[in-house]
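Since this is a predicted model, take the numbers as computed values, not measurements.
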Amino acid sequence: MSRWKKAWQYWNTVKRLKPIQIRYQIQKRICHRKKLLQKIRKLEVPETVQISISIPELDCEPAYRTRFDTEKLLKDEITILHETYRLTPAWQMPQASHLWNYNLHYLEFLIPLAAEYTDTGEEQYFIKWRQLAESWLGQTASDSMEPYPVSMRIPNLLICMELLGRKLEHTDMRKRLLDSIYRQYRYLLENQELSLLANHYFENLKTIVICSLLYGELELYHKYYDLFLKQTDEQILQDGIHFERSMTYHKIILESILRVYTVLKSAGHACDAEKLIPQVRAMASALFSLERGFGGRTPLFNDAGNNAGKDSRQLLSAVQRICGYDTRIRNSFGYAGYYTMSADKAQIFSMTRETVCCFILFDCGDIGPSYMGGHAHCDCLSFELALNGKIMFANSGTGCYQGGLRAFFRSTMAHNTMMIDEREQAELWGEHRAGRRMKNIRGMAGPGMLAGTFDSYLGDRFHRTIQWDDKGSRLSITDHFLAHDSGLHTARQFFHLAPGWRYEKQDTGAEKDAVPKQIRIWDETCLRAVLTVPPGSRCHIYRSGTITDYAQDFGLYQKKQVLEIRTKFERSIRLRVSVKILNAES
């Protein structure tokens, strides 16, 4: 890339930032944190106030605890994001990714050890918990004092201390932890991520609010709780979805609000806590509607993975107990750009012995807030489809924040959507940057129909309609391509199957180079659907290569099959793909 093009790319990224982001980006590069740490270590630590932060549905739930292998932890082997490393006194794994090292310093893996001791009373779990906590207190790894890990770690330590309760009461270990937490909190006050804002700044404020109550610093509490409320209003859209349009971060932010609510109630600030209930209910209601057909699996739009946030069922159970939420089904989330459509069992194959419930989640929204596109993917007009809670059509996921696959996972071709030639929907570059964006984005949901349209950053226009036929057994996907320039182009449509599904070309007896009219879709045992290719189109089924990479968890990579349909056209073309859903006996 030429210097001029690179400068243009930077300009299109920087011009969308808020002035405060630019100011703190510059300050971040010139400040010296070591001097600040030395100053913080000299602070006098105040007495603490009794608070409660633990939420049983989130901290003690067996499925959550299995995310971290406690038996390996007893041997100093830490499994995070499906990668296991043996802990060293340096608390830094050079062979692991930056994301893994970040997660290491959240100390979230200490919670299952504390919960295991609480449940079983077996001393080995407490001994290992104390050894790991003491070891961390003596480390100096650079990642440990990044503001985001500080913001995530402090609540995790407080959860552990609450679970262990009397075991730590009147111990030197408890005092050392509270002293360390206070200094981390004061360090965080001086290092809020105003250069990034969005979910990072939200987590900073969450932890500052919690700590200001814990240490009885009410003047700081009132100041930062007001800021926390303002960010809640900004970051939670009117339809209840977090403004970065990632259901993983939606769940992380929902949990954070629940933690603040729990702390406020326990510290005697019930009136302030009540101010959070509308947002909690709105977020829970949206989560319930958007994930109801996916069997607990996180939708893979924008940066998302099952193992980065709590399970939706755990979160909804906690919300229901704490304040309740509206369980009426909603199909349209216009502010975020998400729309759903389902065909119930009575609608599909009512005359057969086996019925199939089909659920579709469709994306026709912006990539995120204008000043933060770091977690965005080129997934506009993409969809995911599940049959009876089992994902059939799936986006590729995220998998990593660093490395060679990062660009692929953010690309248009990694999603169940469309593109012209090699042109991306938006200019996503680097690991977390976004330059030029899509425009004129509009979506809608109607009876048995979903539709959306947008213009790519280069000016190509796309329109997609997804529709059930009258009987609800055939899905029609109609795509309209309009190139911004003349000449011969290629319309490209992508259909990614989830792992465990496969394509099979149906033999039509046609000549060798002709495109088959139909392609069968199988799960492990049965023919489940038949996809009809548009006339005059050519298609290719990918069974290897980067395009087949799939990651529904961070750090866990699988392979899938992908169908690409290619059609030559000049200026504009309309293409129709149909998917007939079959019953298991077909």
Side-chain angles (χ1 to χ4, degrees), residues 1-33 98-99 102 142-143 146-149 151 188 190-205 227 230-231 233-235 237 242-246 249 253 301-303 335-337 365-380 398 400-412 414 419 422-441 454-460 484:
M1 182 182 293
S2 69
R3 289 183 179 180
W4 186 91
K5 287 185 177 180
K6 192 70 175 177
W8 180 242
Q9 191 177 59
Y10 266 100
W11 166 246
N12 281 295
T13 303
V14 171
K15 72 180 184 181
R16 290 179 171 83
L17 299 180
K18 291 186 174 184
I20 194 171
Q21 288 178 287
I22 297 172
R23 172 188 164 191
Y24 278 91
Q25 283 283 358
I26 296 170
Q27 181 176 315
K28 180 181 176 181
R29 285 159 172 75
I30 62 175
C31 75
H32 300 285
R33 288 183 177 173
H98 185 49
L99 180 64
Y102 244 46
S142 58
D143 281 333
E146 287 292 322
Y148 191 78
S151 300
L188 183 59
E190 301 295 329
N191 287 279
Q192 297 164 58
E193 293 177 279
L194 292 162
S195 59
L196 294 175
L197 297 176
N199 74 87
H200 276 238
Y201 182 50
F202 191 95
E203 297 297 342
N204 300 162
L205 294 175
L227 291 172
K230 288 177 182 177
Q231 283 299 307
D233 289 340
E234 179 182 353
Q235 296 198 26
L237 301 173
H242 186 251
F243 73 166
E244 292 191 68
R245 277 85 164 173
S246 156
Y249 283 98
I253 294 297
F301 296 90
N302 290 325
D303 282 342
Y335 290 94
D366 208 343
I367 64 173
S370 60
Y371 58 87
M372 172 49 70
H375 292 297
H377 287 203
C378 289
D379 56 16
C380 197
T398 300
C400 59
Y401 280 168
Q402 294 84 34
L405 284 174
R406 177 64 174 159
F408 163 70
F409 281 125
R410 298 183 81 194
S411 71
T412 304
M419 66 190 300
E422 304 296 326
R423 302 170 181 171
E424 296 288 346
Q425 295 181 357
E427 190 180 31
L428 306 184
W429 62 286
E431 293 174 353
H432 290 91
R433 287 176 172 159
R436 288 170 286 178
R437 317 291 180 87
M438 303 172 294
K439 301 176 182 177
N440 304 319
I441 307 165
F454 76 95
D455 296 346
S456 74
Y457 80 98
L458 291 171
D460 297 323
H484 77 275

Could you state the interatomic distance from [atom1] ([X]) to [atom2] ([Y]), rounded to the nearest 0.5 Å?
{"X": "Leu188", "Y": "Glu193", "atom1": "CG", "atom2": "CD", "result": "8.0 Å"}
{"X": "Leu194", "Y": "Gln21", "atom1": "CG", "atom2": "CD", "result": "9.0 Å"}
{"X": "Leu227", "Y": "Asn204", "atom1": "CG", "atom2": "CG", "result": "11.5 Å"}
{"X": "Arg406", "Y": "Cys400", "atom1": "CZ", "atom2": "SG", "result": "7.0 Å"}
{"X": "Ser195", "Y": "Ile20", "atom1": "OG", "atom2": "CD1", "result": "10.0 Å"}
{"X": "Leu99", "Y": "Glu431", "atom1": "CG", "atom2": "CD", "result": "10.0 Å"}

Ignoring hydrogens and geometry, is there a side-chain-to-backbone donor-acceptor pair from [X] to [Y] under 3.5 Å?
{"X": "Arg245", "Y": "Asn302", "answer": "no"}
{"X": "Glu427", "Y": "Arg436", "answer": "yes"}
{"X": "Arg437", "Y": "Ser370", "answer": "yes"}

Item to check | Whether over 12 other heavy atoms sit under 6.0 Å from Trp8 CH2 | outcome: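 Open: at most 12 neighbouring heavy atoms sit under 6.0 Å from CH2 of Trp8.
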
Item to check | Crowding at NZ, Lys230 (>12 non-hydrogen neighbours, <6.0 Å) | outcome: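 Not more than 12 within 6.0 Å, no.
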
Item to check | Lys18/Glu234 under salt bridge (charged side-chain N to carboxylate O under 4.0 Å, His left out): CA gap, chis, key distance, verdict | outcome: CA-CA 14 Å; Lys18 291 186 174 184; Glu234 179 182 353; 3.3 Å; yes

Checklist entry - Of Leu205, Asn199, Ile253, which meets side chain to side chain contact (heavy atoms under 4.5 Å, CB included) against Gln231? => result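 For Gln231, the side chain to side chain contact (heavy atoms under 4.5 Å, CB included) check succeeds only for Leu205.
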
With a 6.0 Å cut-off on ring centres, are [X] and [Y] close enough?
{"X": "His98", "Y": "Tyr401", "answer": "no"}
{"X": "His200", "Y": "Tyr148", "answer": "yes"}
{"X": "Phe301", "Y": "His377", "answer": "no"}

Next on the checklist: For a side chain to side chain donor-acceptor pair (under 3.5 Å) check, start with the C-alpha distance between Glu424 and Thr412, then their side-chain angles and the critical distance, and finish with the verdict.
Outcome noted: CA-CA 6 Å; Glu424 296 288 346; Thr412 304; 2.6 Å; yes

Checklist entry - Would Arg433 and Tyr10 count as a side-chain contact (heavy atoms from CB on, under 4.5 Å) if you check the C-alpha gap in whole Å, the side-chain angles of each, and the deciding distance to 0.1 Å? => result CA-CA 9 Å; Arg433 287 176 172 159; Tyr10 266 100; 3.2 Å; yes

Checklist entry - Which heavy-atom pair separates Gly430 from Arg410 by the least distance, and what is that distance? => result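 Gly430 and Arg410 have their closest heavy atoms at O-NH1, 3.7 Å.
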
Next on the checklist: Which label fits Phe243 and Tyr371: parallel for a plane angle under 30°, tilted from 30 to 60°, or perpendicular past 60°?
Outcome noted: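 Correct class here is perpendicular.
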
Between [X] and [Y], do the side chains contain an N or O donor and an N or O acceptor separated by less than 3.5 Å?
{"X": "His242", "Y": "Gln235", "answer": "yes"}
{"X": "Asp460", "Y": "His484", "answer": "yes"}
{"X": "Tyr457", "Y": "Arg423", "answer": "no"}

Next on the checklist: Ile367 vs Leu428, test: side-chain contact (heavy atoms from CB on, under 4.5 Å). Steps then yes/no.
Outcome noted: CA-CA 10 Å; Ile367 64 173; Leu428 306 184; 4.3 Å; yes

Checklist entry - Given Arg3 and Lys6, is the side-chain contact (heavy atoms from CB on, under 4.5 Å) satisfied, shown in steps? => result CA-CA 5 Å; Arg3 289 183 179 180; Lys6 192 70 175 177; 5.6 Å; no

